[in-house]
Amino acid sequence: VKAPCCDKLYTCRLCHDNNEDHQLDRFKVKEVQCINCEKIQHAQQTCEECSTLFGEYYCSICHLFDKDKKQYHCENCGICRIGPKEDFFHCLKCNLCLAMNLQGKHKCIENVSRQNCPICLEDIHTSRVVAHVLPCGHLLHRTCYEEMLKEGYRCPLCMHSALDMTRYWRQLDDEVAQTPMPSEYQNMTVDILCNDCNGRSTVQFHILGMKCNICDSYNTAQAGGCRISLGQQ
């Protein structure tokens, strides 16, 4: 393609952006050069001079030339997505194409796709890496999500559990039951705030974790540091 910003020729916009100090506006591309006959011409799918196919897939809006990956242009996203189209729907509130199995089964956050990934701080909406929707509704690049799980289980934005932890919580129940606290702590209580349900509870203090009385999650934080001794009154 011929970059409208600097009139230089590049194989794709990503090559341009990696080599220049500015970004190519894909929507303003007007001309392309054939790699075989070198004729510069209006952006189109097939060379007007030698009939070379520039791409199995071509979008006249994004000026994307690519192999056939079942791509489709989403008008609401404003860019092309890898399909097939029937496997995805556009969530108007999240403002992003999502897999059909998430339709009606994800928490919406308005324009969440226009925020950068909280892990790598890079764009999500136009990224070639698929977005992963957390139970809380926040988005991460799938690769960033997989790396995050090696270190922890919480959403980096709201601290909500990023996956179903029910099985682990039940294992923690057993560990807590088998690990009695020293006598001086056995009658101590603490106020906690649950990161999963946002509820507040007063529970018995335990070094392994404090379980929310509302949703049974151990994804909790001590609230105010207030401990009250029971049975001493």
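Atom set for the values below is all heavy atoms of this structure, side chains included, hydrogens, waters and symmetry mates excluded.
Checked by atom type and distance alone, the side chain of T46 never pairs as donor or acceptor with a backbone atom of S51 at under 3.5 Å. Using modelled atom types, one side-chain atom of H206 and one backbone atom of T179 make a donor-acceptor pair closer than 3.5 Å. In this structure a side-chain-to-backbone donor-acceptor pair under 3.5 Å is present from Q41 to K39. Looking at N195, its side chain never comes within 3.5 Å of a backbone N or O of C158 through a donor-acceptor pair. Checking side-chain atoms of H63 against main-chain N and O of E31 turns up no donor-acceptor pair under 3.5 Å. Panel note: side chain Q71, backbone K69; a donor-acceptor pair is recorded below 3.5 Å. The backbone N or O of R114 lies less than 3.5 Å from no partner atom in the side chain of N111, so there is not a single donor-acceptor pair. Checking side-chain atoms of Q45 against main-chain N and O of E56 turns up a donor-acceptor pair under 3.5 Å. Listed for the D196 side chain is a donor-acceptor partner under 3.5 Å among the backbone atoms of S161. Judged by distance alone, with hydrogens and angles left aside, the side-chain atoms of Q33 form a donor-acceptor pair with the main-chain N or O of E38 at under 3.5 Å.
The only option from H16, E20, K2 that meets the side chain to side chain donor-acceptor pair (under 3.5 Å) definition with Y10 turns out to be E20.
Side-chain contact check for N219 and S217: no donor-acceptor pair (N or O, by modelled atom type) lies under 3.5 Å. For the residue pair Y58 / D66, no side-chain donor-acceptor distance below 3.5 Å is found, with atom types taken as modelled. E48 and Q44 form a side-chain donor-acceptor contact under 3.5 Å, judged by distance and modelled atom types alone. With hydrogens and angles left out, the side-chain atoms of N95 and H90 include a donor and acceptor closer than 3.5 Å.
The hydrophobic clustering, which links ILVMFWY residues whose side-chain heavy atoms are closer than 4.5 Å, places I119 and Y153 together.
Residue-environment remark: CG (L208) exceeds the threshold of 12 foreign heavy atoms within 6.0 Å. The 12-atom threshold is exceeded at NE2 of H22, counting heavy atoms of other residues, nucleotides or ligands nearer than 6.0 Å.
Nearest approach of G199 to I214, heavy atoms of both residues: CA-CD1, 3.6 Å. The minimum heavy-atom distance linking F205 with M210 is given by the pair CD1-SD, 4.0 Å.
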List the steps and the verdict of salt bridge (Lys or Arg N to Asp or Glu O under 4.0 Å) for R200 and D191. CA-CA 7 Å; R200 290 179 177 269; D191 293 330; over 6 Å; no
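Taking the six-membered ring where the residue is Trp, W169 and Y218 present tilted rings, their angle falling between 30° and 60°.
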